[in-house]
Number of protein chains: 2
Amino acid sequence: MQTDLVAALDIGGTKIAGALVEGDGTILARSQRPTPAQESGDTVMRAVGEVLGELTASPRWERVHAVGIGSAGPVDASAGTVSPVNVPGWRDFPLVERVRAATGGLPVELIGDGVAITAAEHWQGAARGHDNALCMVVSTGVGGGLVLGGRLHPGPTGNAGHIGHISVELDGDACPCGARGCVERIASGPNIARRALENGWLPGPDGDVSAASVAAAARAGDPVAMASFERAAQALAAGIAATATLVEIDIAVVGGGVGKAGEVLFAPLRLALRDYATLSFVRSLTVTPAQMGTDAGLVGAAAAALAAQGAGAVTTTAAV
Amino acid sequence: MQTDLVAALDIGGTKIAGALVEGDGTILARSQRPTPAQESGDTVMRAVGEVLGELTASPRWERVHAVGIGSAGPVDASAGTVSPVNVPGWRDFPLVERVRAATGGLPVELIGDGVAITAAEHWQGAARGHDNALCMVVSTGVGGGLVLGGRLHPGPTGNAGHIGHISVELDGDACPCGARGCVERIASGPNIARRALENGWLPGPDGDVSAASVAAAARAGDPVAMASFERAAQALAAGIAATATLVEIDIAVVGGGVGKAGEVLFAPLRLALRDYATLSFVRSLTVTPAQMGTDAGLVGAAAAALAAQGAGAVTTTAAV
């Protein structure tokens with residue numbers, strides 16, 4: 001059977017990836033360019049054009065009937081524009097219109113990158129079969145997305161699930177977003193490393209002061225390193241519990257570089273979740289590591305395009 | 001035209017109210033009993049039965065085709081049970097089954113009271129015409145509900161929107177729910193009064209130490225009373241901003257006794273919201289007082305029953 005075929009774009013501050021994706025999630029063709037993040041908006045768009053050019057040159061292109069884009073945020077799906085924090089040349093950049101023009105007028109679906117990861121985890125990863133889920137990426141930043149009632153919930157502008165910037169510490173440290181005590185300000189990789197260093201943790205002879213290095217120290221029993229992960233876990237737990245209390249989710253999937261720290265993160269996270277997820281309807285909430293790899297953004301963008309076309313991906317039915 | 005007619009029940013710790021409600025929201029018949037909250041579960045159910053008995057005796061009852069229940073929580077809509085904190089005789093009490101039996105097998109829709117208020121505000125009140133809204137009740141406790149994508153979002157168990165028990169102060173004071181620093185622990189009426197008293201506020205000669213009395217003092221310029229409302233506003237702002245950041249809402253409706261404090265609450269709330277709702281897609285979020293009166297619970301329960309029957313209330317279309 002000839003299945004649906006869509007094009008997917010995963011646009012981040014480091015790379016622009018593209019692929020042709022079958023209706024079952026199989027990736028058939030790929031293209032990639034580094035993101036010229038500090039260049040002009042037109043230069044960044046040229047890189048996107050090159051990625052699309054390689055995809056449209058594929059003999060399979062004629063079967064492509066829609067394009068899905070997962071982009072670093074903020075995005076504005078209602079306006080079709082993107083303003084990625086790390087790509088200053090793009091502010092309210094009309095990405096949807098440009099991609100539509102470059103693909104002969106195909107329908108284009110735009111979502112934030114956290115929402116894209118969520119679509120992927122729900123379709124093929126750790127959130128499969130869950131009608132109500134939060135999926136998170138904990139790395140340099142903290143992002144996320146929601147599945148509610150069996151469907152992706154991008155929200156009107158495609159940014160829903162932005163758990164990194166909810167405040168869990170009213171009077172906490174100032175966050176670059178302008179607020180205080182955001183989950184990201186406490187739980188991101190750089191903040192885990194900063195807090196460990198501030199409290200006296202000393203890196204090894206290689207001088208590696210990344211969160212991965214703190215995680216290694218925590219695994220080896222370093223109490224300061226462990227405490228920094230525990231504080232991150234506490235903030236993540238409060239954020240996850242808040243999400244569950246607000247919209248009722250039964251699973252939180254945690255991925256990204258910090259998510260890969262394993263039990264150093266997940267053990268205190270499970271403990272802290274008991275402290276903050278207290279109401280009867282959130283008590284059975286579980287946390288679990290992400291399953292999708294580096295293709296999550298592409299697969300999720302494809303899922304969103306397929307769902308928008310009514311192909312049924314990202315619904316529970318398709319996921320089972 | 002003969003419109004839809006449903007029965008509605010609003011069950012709280014103080015009273016059990018019932019009504020017959022037309023498809024346009026008109027209340028045609030009413031019944032009410034005090035809640036025998038400290039009695040056995042069967043005694044409480046007997047009071048519900050009396051309310052229903054008065055409604056079924058109405059000549060209009062033959063037109064009733066569904067029942068909506070808004071109940072003090074927690075509820076479990078998936079199991080059809082309720083466990084209201086202030087009604088100890090009801091724990092996992094099979095209210096849906098009992099009401100169905102008492103009404104000759106009519107379909108019964110159960111939601112939490114915060115969700116019911118939200119359905120009412122969306123249908124006929126301050127959230128009318130808003131596809132994405134948070135409605136809150138700030139009084140002895142803090143409750144709420146969500147409208148997402150033009151529809152009520154009760155969540156699988158009917159408890160979604162429980163904003164009073166999200167933590168906005170990771171290391172804050174212990175909350176009776178078991179967590180710390182919950183919005184309710186900072187912003188509820190009793191906590192506004194407690195904080196004012198702790199910080200040296202003195203009640204007037206009538207000895208009234210309610211939040212309403214603190215509000216009157218704040219309006220008269222008492223700095224301690226004002227500070228207590230400002231702290232409540234800060235917690236509410238963090239919670240509202242978190243909700244917007246997680247699910248994208250464009251309006252937050254605040255009702256309940258504390259909501260009636262007026263600008264003493266709303267002025268600092270609007271200011272604090274600027275501090276916490278910082279991302280581009282939440283910056284245009286507004287807060288506004290609730291419009292529905294004491295019938296909100298009944299009207300909302302009716303709206304939920306009508307929506308479940310596909311009558312279209314609680315959708316934006318019907319609301320416009």
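Because the structure is a prediction, the values reported are computed rather than measured. Every chain is numbered from 1, with letters handed out A, B, ... down the list of sequences.
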- Counting heavy-atom pairs under 4.5 angstrom with chain A, the leader among B/Ser78, B/Ser167, B/Gly145, B/Cys182 is B/Ser167

- Note on the structure: Okay, B/Leu134 and chain A: the region with an atom under 4.5 Å from a heavy atom over there is neither

- Which one, B/Val75, B/Val168, B/Thr243, B/Ile166, leads in non-hydrogen pairs under 4.5 Å with chain A? B/Val168

- Query: Donor-acceptor pair, B/Glu248 side chain versus A/Ala160 backbone, under 3.5 Å?
  - Reply: yes

- Query: So which part of A/Ser280 gets closer than 4.5 Å to some heavy atom of chain B, the side chain, the backbone, both or neither?
  - Reply: side chain

- Task: For chain A, find which of B/Asp76, B/Asn132, B/Val183 contributes the most heavy-atom pairs closer than 4.5 angstrom.
- Result: B/Asn132

- So what's closer than 4.5 Å to chain B heavy atoms on A/Ala235: side chain, backbone, both or neither? both

- Message: Below 4.5 Å, heavy-atom pairs only: which of B/Ile163, B/Leu146, B/Leu279 has the largest tally toward chain A?
- Response: B/Leu279

- Task: Verify side-chain contact (heavy atoms from CB on, under 4.5 Å) between B/Leu246 and A/Leu246, making sure each step is shown before the conclusion.
- Result: CA-CA 9 Å; B/Leu246 282 170; A/Leu246 282 170; 3.9 Å; yes

- Query: Passes side-chain contact (heavy atoms from CB on, under 4.5 Å), B/Gln234 versus A/Leu170? Steps please.
  - Reply: CA-CA 8 Å; B/Gln234 190 187 3; A/Leu170 214 44; 3.8 Å; yes

- Atom pair OG (A/Ser83) and CZ (B/Phe281), whose distance is rounded to the nearest 0.5 Å: 12.0 Å

- Contact origin within A/His153 toward chain B - heavy atom pairs under 4.5 Å: side chain

- Item | Part of A/Ile249 lying under 4.5 Å from any heavy atom of chain B | neither

- Task: Look at A/Pro74, A/Gly178, A/Gly239, A/Cys177 and state which one has the largest set of heavy-atom pairs under 4.5 Å with chain B.
- Result: A/Cys177

- Item | Max heavy-atom pair count under 4.5 Å with chain A, selected residue of B/Val282, B/Asp250, B/Asp171, B/Leu148 | B/Asp171

- Item | Contact leader toward chain B among A/Gly161, A/Pro154, A/Gly158, A/Gly181, where contacts are heavy-atom pairs under 4.5 Å | A/Gly161

